[in-house]
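In this chain, numbering begins with 1 at the start of the sequence shown. Basis for what follows: all heavy atoms, side chains included, without hydrogens, waters or symmetry-related copies.
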Amino acid sequence: MELTLSIIKPDGVERNLVGKIISKFEDQGIRIAAIKKLQLTRAQAEAFYAVHKARPFFGELVEFMTRSPVVVMALQGENVIQRNRDIMGATNPAQAAAGTIRKDFAKSIGENTVHGSDSPEAAKNEVAFFFASSEIC
Ligand code: CMP
């Protein structure tokens, strides 16, 4: 069984979409192995998105991710890294398929409602970024 990290971003939490988004995962048989709500610090957001540091949108991304609380989850299931990405839809909501989280809820490429790990290595690192192994069950 794989694990992957999912973040419901500030725009999703602000609009009370947490339950609707979690339903999209649970309806597909994906388990919530760990979950918490937290206010990211600037240092946490910069560290989490360090891979994007050189991108022109990095400052905007950090501002957005620290604007208000997020909900972070470790999702568990078979092939869940790819399945989570399929359920989220394309990064740019304008290109996201019907029924995906980003098509249904996201406002723009910057405020795109959810994050999901994009590879097994990222999933391992990103789950460990937010959760101790004792918190995953
Ligand atoms: P995410 O999947 O969390 O990974 C990196 C994030 O950077 C991405 O979702 C978007 O929120 C953000 N991002 C990617 N491209 C752009 C862009 N062109 N402008 C603003 N934000 C972007």
Side-chain angles (χ1 to χ4, degrees):
M1 284 286 215
E2 269 180 2
L3 284 174
T4 194
L5 187 83
S6 170
I7 305 179
I8 304 177
K9 297 185 179 186
D11 68 302
V13 179
E14 286 164 2
R15 291 180 289 156
N16 277 358
L17 294 172
V18 173
K20 287 195 172 91
I21 291 168
I22 289 177
S23 289
K24 294 218 186 235
F25 299 131
E26 290 192 324
D27 288 350
Q28 298 298 317
I30 291 171
R31 289 188 61 249
I32 312 300
I35 182 166
K36 62 185 155 194
K37 181 179 181 185
L38 73 161
Q39 169 66 53
L40 287 177
T41 64
R42 172 167 288 274
Q44 277 177 311
E46 287 177 351
F48 184 81
Y49 280 119
V51 66
H52 295 303
K53 205 173 172 70
R55 302 285 195 96
F57 57 80
F58 183 71
E60 188 186 315
L61 177 59
V62 170
E63 282 299 316
F64 166 56
M65 291 300 290
T66 56
R67 180 169 85 194
S68 61
V70 297
V71 170
V72 295
M73 295 174 280
L75 304 180
Q76 186 178 44
E78 270 179 36
N79 196 26
V80 74
I81 297 169
Q82 185 57 48
R83 286 168 66 209
N84 177 37
R85 295 183 67 75
D86 293 344
I87 292 166
M88 288 194 300
T91 303
N92 185 347
Q95 289 158 9
T100 60
I101 293 169
R102 285 166 171 161
K103 183 65 177 183
D104 286 356
F105 303 128
K107 294 174 176 169
S108 65
I109 193 167
E111 300 202 11
N112 63 359
T113 313
V114 280
H115 167 83
S117 309
D118 65 2
S119 68
E121 191 192 2
K124 187 166 181 280
N125 293 336
E126 291 181 357
V127 168
F129 188 94
F130 286 108
F131 296 104
S133 53
S134 61
E135 294 176 301
I136 300 166
C137 51

Novice: Verify the cluster assignment for Val80 and Ile101: are they in a single hydrophobic cluster under the rule of side-chain heavy atoms below 4.5 Å apart?
Specialist: yes
Novice: Run the side-chain contact (heavy atoms from CB on, under 4.5 Å) test against Pro69 and tell me which residues pass, sequence neighbours left out.
Specialist: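 Pro69: side-chain contact (heavy atoms from CB on, under 4.5 Å) contacts with Lys37, Gln39.
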Novice: According to ring-ring contact (aromatic ring centres under 6.0 Å, His included), who are the partners of Phe48, at least two apart in sequence or on a separate chain?
Specialist: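 Phe48: ring-ring contact (aromatic ring centres under 6.0 Å, His included) contacts with His115, Phe129, Phe130.
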Novice: When clusters are formed by joining ILVMFWY residues with side-chain heavy atoms under 4.5 Å apart, either directly or through shared neighbours, do Phe25 and Leu17 land in the same one?
Specialist: yes
Novice: Apply side-chain contact (heavy atoms from CB on, under 4.5 Å) to the pair Leu3 and Leu75, showing each step before the final yes or no.
Specialist: CA-CA 5 Å; Leu3 284 174; Leu75 304 180; over 6 Å; no
Novice: Anything under 3.5 Å between a donor and an acceptor, one on a side chain of residues 26-35, the other on a protein residue two or more places apart or in another chain? List them.
Specialist:
{"residue": "Arg31", "atom": "NH1", "partner": "Gln76", "partner atom": "OE1", "Å": "2.2"}
{"residue": "Arg31", "atom": "NH2", "partner": "Cys137", "partner atom": "O", "Å": "3.4"}

Novice: For Gly116 and Asn84, which heavy atoms make the closest approach, and how far apart are they?
Specialist: CA-ND2, 3.5 Å
Novice: Any link between Ile21 and Val72 through a network of hydrophobic side chains (Ile, Leu, Val, Met, Phe, Trp, Tyr) touching at under 4.5 Å?
Specialist: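 No, no single cluster joins them.
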Novice: side-chain contact (heavy atoms from CB on, under 4.5 Å), that's the test. Do Met73 and Ile22 meet it? Break it down for me.
Specialist: CA-CA 10 Å; Met73 295 174 280; Ile22 289 177; 3.8 Å; yes
Novice: Kindly indicate whether the side chain of Val13, heavy atoms from C-beta on, has any atom under 4.5 Å from the side chain of Ser68.
Specialist: no
Novice: Mind checking what makes ring-ring contact (aromatic ring centres under 6.0 Å, His included) contact with Phe57, not counting sequence neighbours?
Specialist: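 If we apply the ring-ring contact (aromatic ring centres under 6.0 Å, His included) test to Phe57, skipping adjacent residues, the hits are His52.
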Novice: With sequence neighbours excluded, what pairs up with Glu63 under the salt bridge (Lys or Arg N to Asp or Glu O under 4.0 Å) test?
Specialist: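 Testing Glu63 for salt bridge (Lys or Arg N to Asp or Glu O under 4.0 Å), a comparison that skips the adjacent residues, returns Arg42.
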Novice: Does the side chain of Met1 come within less than 4.5 Å of Glu78's, by heavy atoms?
Specialist: yes
Novice: With sequence neighbours excluded, tell me which residues meet salt bridge (Lys or Arg N to Asp or Glu O under 4.0 Å) with Lys53.
Specialist: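 For Lys53 there are no salt bridge (Lys or Arg N to Asp or Glu O under 4.0 Å) partners, ignoring immediate neighbours.
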Novice: How many angstroms lie between CG in Leu40 and NZ in Lys9, if you round to the nearest 0.5 Å?
Specialist: 11.0 Å
Novice: Does any non-hydrogen side-chain atom of Asp11 lie less than 4.5 Å from one of Phe64?
Specialist: yes
Novice: Quick check: are there more than 12 heavy atoms from other residues, nucleotides or ligands sitting under 6.0 Å from NZ of Lys107?
Specialist: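 Enclosed.
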Novice: If hydrophobic residues (ILVMFWY) are linked whenever their side-chain heavy atoms come closer than 4.5 Å, directly or via other members, who joins Ile109 in its cluster?
Specialist: none
Novice: Report the residues that fulfil side-chain contact (heavy atoms from CB on, under 4.5 Å) with Thr41, sequence neighbours left out, ordered by chain and then residue number.
Specialist: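 side-chain contact (heavy atoms from CB on, under 4.5 Å) list for Thr41, sorted by chain: Ala43, Gln44.
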Novice: Taking only residues two or more places apart in sequence, or in another chain, which ones meet Arg67 in a salt bridge (Lys or Arg N to Asp or Glu O under 4.0 Å)?
Specialist: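 So Arg67 forms a salt bridge (Lys or Arg N to Asp or Glu O under 4.0 Å) with Glu14, Glu111.
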Novice: Please enumerate all residues that pass salt bridge (Lys or Arg N to Asp or Glu O under 4.0 Å) together with Asp118, with sequence neighbours excluded.
Specialist: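 Counting only residues at least two positions away or on another chain, Asp118 forms no salt bridge (Lys or Arg N to Asp or Glu O under 4.0 Å).
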Novice: Scan residues 79-104 for pairs that pass salt bridge (Lys or Arg N to Asp or Glu O under 4.0 Å), counting only residues two or more places apart or in two chains.
Specialist: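 As it turns out, the salt bridge (Lys or Arg N to Asp or Glu O under 4.0 Å) pairs with a partner in residues 79-104, which skip direct neighbours, are Lys24-Asp104.
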Novice: Check the hydrophobic clustering (I, L, V, M, F, W, Y; side-chain heavy atoms under 4.5 Å; chains of links allowed) and say if Ile8 and Met65 are grouped together.
Specialist: no
Novice: How close do Thr66 and Ala45 get, counting heavy atoms only, and between which atoms?
Specialist: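 In terms of heavy atoms, the two residues are closest at CG2-CB, 3.7 Å.
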Novice: Do the side chains of Asn112 and Thr91 get nearer than 4.5 Å, heavy atoms only?
Specialist: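 Side-chain contact under 4.5 Å: yes.
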Novice: Quick one: does Val62's side chain get under 4.5 Å of Tyr49's, heavy atoms only?
Specialist: no
Novice: In Å and rounded to the nearest 0.5 Å, what is the CZ to CZ distance from Arg15 to Phe105?
Specialist: 8.0 Å
Novice: Should Phe58 and Val70 be counted in the same cluster of Ile, Leu, Val, Met, Phe, Trp and Tyr side chains packed under 4.5 Å apart?
Specialist: yes
Novice: Looking only at heavy atoms, what is the nearest atom pair of Ile81 and Ala123, with distance?
Specialist: CD1-CB, 3.8 Å
Novice: Is any side-chain heavy atom of Phe131 less than 4.5 Å from a side-chain heavy atom of Leu5?
Specialist: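 With C-beta onward as the side chain, the pair touches.
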Novice: How far apart are the closest heavy atoms of Ala106 and Thr113, and which atoms are they?
Specialist: CA-OG1, 3.2 Å
Novice: Would you mind listing every salt bridge (Lys or Arg N to Asp or Glu O under 4.0 Å) that reaches into residues 125-137, with sequence neighbours excluded?
Specialist: Lys36-Glu135
Novice: Decide yes or no for Val114 and Ile7: does some side-chain heavy atom of the first lie under 4.5 Å from some side-chain heavy atom of the second?
Specialist: no
